[in-house]
Colleague: 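This is the structure I have questions about; it appears just below.
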Amino acid sequence: MRLAPSILTADFSRLGEQVATACETGIDWIHLDVMDGQFVPNISFGPPVVRSLRPLADRYGALLDAHLMIVEPERYLADFAAAGADLITVHVEATPHVHRAIQMIHDLGKKAGVALNPATPLSMVEEVIDQVELILLMTVNPGFGGQTLIPSVLAKVRRLATMLGDRPVEIMVDGGVHPATIAACAASGATVAVVGSAVFGEQPIPAAIAALRTALAD
Ligand code: DX5
Ligand code: ZN
């Protein structure tokens with residue numbers, strides 16, 4: 001399972017330094033939680049932060065993954081693509097035109113993901129599982145880092161893994177992933193784990209990442 005640190009909980013006054021430190025431990029996927037204060041009750045950042053991290057991502061060979069927790073995401077796909085996102089994920093609850101949004105992301109030359117909130121059924125992605133590179137299952141209610149993983153979503157992860165079969169689609173879990181929960185996420189079939197407060201918390205970043213890897217290896 002790959003780790004995808006979310007910068008939501010990072011210290012934005014030292015963002016580049018903290019992302020570089022994470023990448024120096026072998027991290028090759030950075031998760032960017034974009035929030036508009038409408039789709040979720042929080043505001044985070046937009047394309048300028050993606051643009052500022054692009055040279056760092058190039059230096060370390062890291063993928064920049066923009067998780068758009070915004071309404072009508074089609075309005076900003078080109079901006080996030082131009083800013084340097086490699087993969088752009090939209091919420092199926094945020095647009096009536098998910099198929100078109102995925103096509104737009106691909107037309108911009110980027111990988112496409114779709115995201116589901118905890119209560120949104122898998123049936124909402126049934127018709128696009130052969131179109132996307134990633135499916136993100138929120139394991140908390142979106143908007144904030146540091147929340148507790150919702151255990152019932154792990155059964156949803158297992159059902160998604162069954163639905164996908166051997167399709168080359170990443171299954172991402174996002175929210176509440178810590179050393180105590182990451183093994184269960186992997187056992188359920190998740191292939192990428194977003195880790196925010198577990199990485200950018202009290203512990204030094206290398207130790208925090210090592211703890212997650214140890215928990216996975218156990
Ligand atoms: C919620 C965010 C968080 C973040 C991860 O909208 O998407 O899930 O990425 O936060 P932690 O790992 O601290 O739960
Ligand atoms: Zn996220």
Side-chain angles (χ1 to χ4, degrees), residues 1-12 15 18-19 22 27 29-47 49-50 53 62-71 73 76 80 85-94 105 111-120 125 132-154 156-157 170-186 188 190-203 205 207-209 211-213 215-216:
M1 175 192 264
R2 296 167 88 136
L3 302 179
S6 161
I7 65 168
L8 187 67
T9 321
D11 174 351
F12 277 45
L15 184 58
Q18 293 195 326
V19 169
I27 289 295
W29 188 310
I30 303 296
H31 187 76
L32 310 172
D33 279 313
V34 177
M35 301 178 181
D36 65 356
Q38 282 189 272
F39 183 71
V40 292
N42 195 3
I43 296 175
S44 59
F45 51 82
V49 171
V50 179
L53 290 175
L63 178 141
L64 292 183
D65 147 37
H67 173 195
L68 303 187
M69 288 167 274
I70 68 175
V71 297
Y76 292 101
F80 280 99
D86 297 297
L87 188 156
I88 303 174
T89 297
V90 299
H91 270 263
V92 297
E93 306 93 347
I105 295 168
K111 292 187 170 97
V114 289
L116 299 174
N117 285 332
T120 304
V125 294
V132 295
E133 285 74 41
L134 176 139
I135 296 175
L136 184 161
L137 298 185
M138 286 304 306
T139 34
V140 296
N141 288 302
F144 301 91
Q147 300 181 80
T148 303
L149 181 138
I150 301 168
S152 62
V153 180
L154 295 184
K156 188 176 174 183
V157 174
E170 300 284 1
I171 299 176
M172 175 178 270
V173 287
D174 184 357
V177 181
H178 295 271
T181 58
I182 194 165
C185 293
S188 300
T191 59
V192 186
V194 173
V195 280
S197 51
V199 170
F200 301 111
E202 301 306 314
Q203 266 187 310
I205 291 168
I209 291 171
L212 288 160
R213 292 194 167 120
L216 267 177

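Scope of the values below: all heavy atoms of this structure, side chains included, with no hydrogens, waters or symmetry mates. Whatever order the structure lists ligands and atoms in, that order sets their numbers, starting from 1.
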Colleague: Below 3.5 Å, N or O to N or O, backbone or side chain included: is there any such pair between M69 and ligand 1?
Modeller: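 No, there is no polar N/O contact under 3.5 Å.
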Colleague: Specify side chain, backbone, both or neither for H178, according to which of its non-hydrogen atoms lie closer than 4.0 Å to ligand 1.
Modeller: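 Neither part.
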Colleague: Atoms of ligand 1 less than 4.0 Å from S6 heavy atoms?
Modeller: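 Within the 4.0 Å cut-off of S6, ligand 1 contributes 4 (C), 9 (O).
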Colleague: With respect to the Zn ion (ligand 2), what is the nearest N, O or S atom of D33?
Modeller: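 The D33 atom nearest to the Zn ion (ligand 2), restricting to N, O or S, is OD1.
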Colleague: Around atom 14 (O) of ligand 1, find the nearest protein heavy atom and jot down its residue, atom name and distance.
Modeller: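 Going by distance alone, atom 14 (O) of ligand 1 is nearest to G176 N, 2.7 Å.
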Colleague: Mind checking the OG1-CG spacing from T89 to L87? Nearest 0.5 Å is all I need.
Modeller: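 One finds 4.5 Å between OG1 of T89 and CG of L87.
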Colleague: Out of all atoms in ligand 1, which are within 4.0 Å of some heavy atom of G145? Include the element for each.
Modeller: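 That gives atoms 10 (O), 13 (O) of ligand 1.
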Colleague: Do S44 and D33 get their side chains close enough for a donor-acceptor pair, meaning under 3.5 Å?
Modeller: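 Per modelled atom types, S44 and D33 side chains form no pair under 3.5 Å.
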Colleague: Below 3.5 angstrom, do we get any N/O pair linking H31 and ligand 1?
Modeller: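 There is no such contact.
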Colleague: Mind listing the closest non-hydrogen atom pair of P118 and V153 along with its distance?
Modeller: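 So the minimum-distance heavy-atom pair works out to CB-CG2, 4.1 Å.
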Colleague: Between the main-chain N or O of A190 and the side-chain N or O of S188, is there a donor-acceptor pair closer than 3.5 Å?
Modeller: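 Checked: no pair found.
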Colleague: Looking at N141, is its backbone amide N or carbonyl O close enough to the side chain of Q147 to form a donor-acceptor pair, meaning the two atoms are under 3.5 Å apart?
Modeller: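 Yes.
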Colleague: So what does the H67 ND1 - the Zn ion (ligand 2) - H31 NE2 angle come to, to 10°?
Modeller: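 Output for this angle: 100°, rounded to tens.
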Colleague: Should you measure from each heavy atom of G175, which atoms of ligand 1 turn up under 4.0 Å away?
Modeller: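 Contacts of ligand 1 toward G175, numbered from 1: 8 (O), 14 (O).
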Colleague: Can A198 be said to touch ligand 1, with heavy atoms closer than 4.0 Å?
Modeller: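 Contact check A198 vs ligand 1: negative.
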Colleague: Go through ligand 1 atom by atom and flag the ones less than 4.0 Å from a non-hydrogen atom of D174.
Modeller: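 Numbered from 1, ligand 1 contributes 2 (C), 3 (C), 4 (C), 5 (C), 7 (O), 8 (O), 9 (O).
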Colleague: Looking only at heavy atoms, which two atoms of D36 and V71 are closest? And how far apart?
Modeller: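 Smallest interatomic distance, heavy atoms only, reads OD2-N, 2.8 Å.
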Colleague: Give the atom numbers and elements of ligand 1 that come within less than 4.0 Å of a heavy atom of G146.
Modeller: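 Under 4.0 Å from G146, ligand 1 has these atoms: 11 (P), 13 (O), 14 (O).
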Colleague: Measure the distance from atom 4 (C) of ligand 1 to every protein heavy atom, then report the residue, atom name and distance (to 0.1 Å) of the closest one.
Modeller: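 The closest heavy atom on the protein side is D33 OD2, 3.3 Å.
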Colleague: Determine, step by step, whether Q38 and I43 satisfy the side chain to side chain contact (heavy atoms under 4.5 Å, CB included) criterion, reporting the C-alpha distance in whole Å, the side-chain angles of both residues, the deciding distance to 0.1 Å, and the verdict.
Modeller: CA-CA 8 Å; Q38 282 189 272; I43 296 175; over 6 Å; no
Colleague: Please assess L216 against L3 for the test side chain to side chain contact (heavy atoms under 4.5 Å, CB included), listing each intermediate value before the final yes or no.
Modeller: CA-CA 10 Å; L216 267 177; L3 302 179; 4.3 Å; yes
Colleague: As an exercise, identify every atom of ligand 1 less than 4.0 angstrom from a heavy atom of M35.
Modeller: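 Close to M35: 6 (O).
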Colleague: From the N, O or S atoms in D174, identify the one nearest to the Zn ion (ligand 2).
Modeller: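 Within D174, restricted to N, O or S, the Zn ion (ligand 2) is closest to atom OD2.
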Colleague: How far is atom 12 (O) of ligand 1 from its nearest protein heavy atom, and which residue and atom name does that atom have?
Modeller: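 That would be G196 N, 2.8 Å.
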Colleague: By number and element, which atoms of ligand 1 are closer than 4.0 Å to a non-hydrogen atom of P142?
Modeller: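 Those atoms are 1 (C), 6 (O).
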Colleague: Do the non-hydrogen side-chain atoms of I7 and L53 ever get within less than 4.5 Å of each other?
Modeller: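 Of all side-chain heavy-atom pairs linking L53 with I7, at least one is under 4.5 Å.
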Colleague: Can V194 and M172 be said to form a side chain to side chain contact (heavy atoms under 4.5 Å, CB included), step by step?
Modeller: CA-CA 7 Å; V194 173; M172 175 178 270; 3.6 Å; yes
Colleague: Is I30 close to L63 at the side-chain level, that is, under 4.5 Å between some pair of heavy atoms?
Modeller: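 Result no, sub-4.5 Å side-chain heavy-atom pair not found.
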Colleague: Whether the side chain of E170 engages the backbone of E133 through a donor-acceptor N/O pair (distance < 3.5 Å, no angle test) should be reported.
Modeller: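 The answer is no, because no donor-acceptor pair under 3.5 Å joins these two groups.
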Colleague: Which protein non-hydrogen atom lies closest to atom 13 (O) of ligand 1, naming both residue and atom, and how far is it?
Modeller: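 Closest protein heavy atom to atom 13 (O) of ligand 1: S197 OG, 2.5 Å.
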Colleague: Quick test: of every protein heavy atom, which one is nearest to atom 6 (O) of ligand 1, and how far off is it to 0.1 Å?
Modeller: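 Heavy-atom neighbour on the protein nearest atom 6 (O) of ligand 1: G143 N, 2.7 Å.
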Colleague: Test your reading of the structure: does L8 have an N or O sitting under 3.5 Å from an N or O of ligand 1?
Modeller: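 No, since none of the N or O atoms of L8 sits under 3.5 Å from an N or O of ligand 1.
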Colleague: Closer than 4.0 Å to some heavy atom of F144 - which atoms of ligand 1 meet that?
Modeller: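 Counting from 1, the qualifying ligand atoms are 1 (C), 3 (C), 6 (O).
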Colleague: For the residue pair Y76 and I70, establish whether any side-chain heavy-atom pair is separated by less than 4.5 Å.
Modeller: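 Yes, at least one pair of side-chain atoms sits under 4.5 Å.
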